[in-house]
Amino acid sequence: MEFDTVTISRMITAMTLTFHIIFATLGVGVPLFISIAEFIGIRKQDKHYELLAKRWSRGFVITVAIGVVTGTAIALQLSLVWPNFMQLAGNVIALPLFMEVFAFFFEAIFLGIYLYTWDRFKGKYTHWLLTLPVVIGAGMSAVFITTVNSFMNSPNGFSMVDGEFAAVNPLKAMLNPSSPTRIFHVLGGSYLTVAAILATIAAIALLRNKGAREYHKKALKMTVIAMFVFSVITALAGDVSAKYLAKHQTEKLAAAEWLFESEENADLLLFGWLNDENEVVGAIRVPGFLSFLAHGDFTSEVTGLEVTPEGERPPLVIHYLFDSMVSIGFFLLGISFIYIVLARFKRWNQHNRLMLWLIAICGPLAMLAVELGWVFAELGRQPWIVRGYMTVDEAATSSPYILHMFFLFLALYIVLGTLFTITLRKLFKDNPAELELEKNYPEWKEGIEK
């Protein structure tokens with residue numbers, strides 16, 4: 001049976017990243033919310049927040065365990081599936097990959113200490129301080145791994161000698177032009193997504209009305225406020241990213257906005273589709289806003305696709321990914337804003353069923369936006385794996401066993417996904433919050449609200 005090794009290589013990487021990004025996002029964001037919940041619990045002497053921190057930390061351990069395996073799988077598939085890329089760029093990306101592992105071990109050490117020292121210190125703030133290295137370690141893991149992907153978009157810190165990277169400056173390679181904007185976007189998006197997921201869990205618990213309503217209401221309030229804050233931050237990160245693309249990756253922005261010819265006072269295109277002649281149909285045009293988004297000036301010129309050779313243009317499908325990602329971001333911003341407004345005016349009920357259902361879909365939508373964002377980032381760089389130096393076709397393996405690798409990785413992710421789901425269900429369904437409150441904090445026992 002004939003098959004294209006490049007296509008199978010792409011499929012393996014797409015499958016690996018799609019699965020891993022779930023646990024990577026949770027791994028970056030959850031520690032921050034554990035830290036916030038425990039701090040509020042200590043400050044307000046509120047056992048509900050303390051229990052939130054405890055329960056979230058238990059779930060976090062499971063995501064870390066799965067994330068370690070999926071992260072190892074990514075390192076393995078880089079060598080097996082993209083050997084030519086590793087031969088070219090291995091000496092450039094070795095430092096951030098090593099630093100990412102170091103950051104993970106730094107996080108894991110303090111996470112272990114944190115988990116096993118509840119109620120062991122006289123001062124509760126001492127225990128809370130242990131969350132800070134975990135938050136920092138998780139964030140730095142994201143920073144270092146993002147610099148690798150940023151290098152692939154804006155290669156820097158080396159000289160090209162006889163088709164090889166020489167005189168490598170690894171720090172300059174890490175601090176390439178796209179690193180600041182991508183790190184800003186990745187961290188903001190991760191915290192936003194985790195806030196939305198935790199808000200979804202609380203909203204579903206309130207919809208089921210099984211008990212511990214005060215506990216879930218506090219979880220909901222905290223996470224929805226965080227969702228609003230990080231929605232604003234992520235929108236700012238998106239604006240910074242657009243300005244970076246307009247300056248350094250003009251073909252990606254042009255493909256995302258279907259701008260075929262350079263144009264002053266360029267319109268921002270929302271939605272729509274392309275007909276057989278590549279003409280835009282049914283799009284909503286916001287006059288001059290693409291110029292403003294790209295350069296902060298409604299009259300500025302935005303570079304179109306015509307300046308990029310046809311074989312180096314990203315696929316035009318990224319327009320749909322970009323629109324979907326941005327739409328979800330504004331949906332999260334809008335829902336969290338409405339909740340805060342309803343909570344501000346006491347005569348309105350922010351916990352009505354419609355509001356809870358809208359919050360309940362925020363978590364899945366936020367994770368979908370993360371997936372779409374990474375697909376947009378990767379497809380937007382095509383046909384390059386290292387922009388301007390090596391194409392994806394040149395980087396892929398020619399091994400006849402690539403199909404076997406695809407099914408081995410697929411089996412691994414099915415097993416890991418099943419174990420993750422079963423473990424979380426056992427961990428939380430068999431030990432609901434109301435039971436734990438009643439058992440560990442009898443003085444805080446509450447009745448189920450009618």
Side-chain angles (χ1 to χ4, degrees), residues 13 17 20-21 24 28 71 74-106 136-190 237 240-253 303 307-309 312 314 373-374 376-397:
T13 302
L17 290 177
H20 175 70
I21 198 65
V28 172
I74 288 179
L76 181 63
Q77 63 97 23
L78 275 175
S79 298
L80 294 176
V81 180
W82 308 103
N84 299 327
F85 164 72
M86 291 302 291
Q87 184 176 357
L88 176 70
N91 61 337
V92 181
I93 65 174
L95 177 62
L97 289 177
F98 168 78
M99 293 301 292
E100 193 272 338
V101 174
F102 176 82
F104 167 74
F105 281 118
F106 178 80
I136 292 168
M140 292 310 296
S141 290
V143 168
F144 291 128
I145 207 66
T146 301
T147 63
V148 175
N149 192 269
S150 298
F151 170 80
M152 295 161 72
N153 284 275
S154 54
N156 199 18
F158 61 88
S159 300
M160 197 72 174
V161 179
D162 298 327
E164 296 182 355
F165 291 165
V168 173
N169 182 337
L171 288 177
K172 193 174 180 181
M174 288 172 62
L175 301 175
N176 58 77
S178 73
S179 284
T181 57
R182 290 179 67 81
I183 289 168
F184 185 21
H185 210 308
V186 166
L187 289 177
S190 296
V240 172
S241 296
K243 287 175 172 55
Y244 165 81
L245 293 178
K247 185 176 181 180
H248 297 282
Q249 282 184 273
T250 58
E251 72 282 359
K252 186 174 179 179
L253 182 63
T303 305
V307 303
T308 305
E312 298 179 11
W374 276 99
F376 172 75
E378 297 305 303
L379 284 183
R381 193 178 62 245
Q382 300 302 305
W384 305 105
I385 192 167
V386 180
R387 185 170 176 266
Y389 291 93
M390 176 178 276
T391 65
V392 172
D393 289 1
E394 293 169 339
T397 183

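Heads up: numbering here begins at 1 and tracks the sequence.
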Answer yes or no: is there a side-chain heavy-atom contact under 4.5 Å between Asn153 and Arg182? yes
Looking at side-chain heavy atoms only, is the closest gap between Asn156 and Asn169 below 4.5 Å? no
Sequence neighbours excluded - side chain to side chain donor-acceptor pair (under 3.5 Å) pairs with any residue from residues 378-387: Arg10-Gln382, Asn149-Glu378, Glu251-Arg387, Glu378-Arg381
Note, Leu97 side chain near Glu100 side chain (heavy atom, < 4.5 Å): no
According to salt bridge (Lys or Arg N to Asp or Glu O under 4.0 Å), who are the partners of Lys243, at least two apart in sequence or on a separate chain? Asp239
For Leu187 and Ala142, work out which heavy atoms get closest and say how close. CD2-CB, 4.0 Å
Across all chains, not counting sequence neighbours, the side chain to side chain donor-acceptor pair (under 3.5 Å) partners of His185 are none
Starting from the C-alpha separation in whole Å, work towards a yes-or-no answer on side-chain contact (heavy atoms from CB on, under 4.5 Å) for Val186 and Val143. CA-CA 8 Å; Val186 166; Val143 168; over 6 Å; no
Measuring from atom OG1 of Thr308 to atom CD of Gln249, what distance do you get when rounded to the nearest 0.5 angstrom? 10.5 Å
How many angstroms lie between CZ in Phe376 and OG in Ser241, if you round to the nearest 0.5 Å? 9.0 Å
Contacts under 3.5 angstrom, residues 80-93 side chains, donor-acceptor by atom type, not counting sequence neighbours:
unit_1, atom_1, unit_2, atom_2, d
Trp82, NE1, Thr13, OG1, 2.7
Asn84, ND2, Glu394, O, 2.9
Asn84, ND2, Ala396, O, 3.4

Tell me, do Asp393 and Pro383 make a side-chain contact under 4.5 Å, heavy atoms counted? no
Donor-acceptor pair, Ser179 side chain versus Leu175 backbone, under 3.5 Å? no
What is the distance from atom CG of Leu95 to atom CG of Leu171, rounded to the nearest 0.5 Å? 6.0 Å
Heavy atoms of Ile385 and Thr391 approach each other most closely as CG2-O, 3.7 Å
Partners of Tyr389 by ring pair (Phe, Tyr, Trp, His ring centres under 6.0 Å), sequence neighbours excluded? Phe158, Phe165
With sequence neighbours left out, write down each residue that passes side chain to side chain donor-acceptor pair (under 3.5 Å) with Ser178, or none if nothing qualifies. Ser154, Asn176
For the NZ atom of Lys252 and the CG atom of Leu379, what is their distance to the nearest 0.5 Å? 9.5 Å
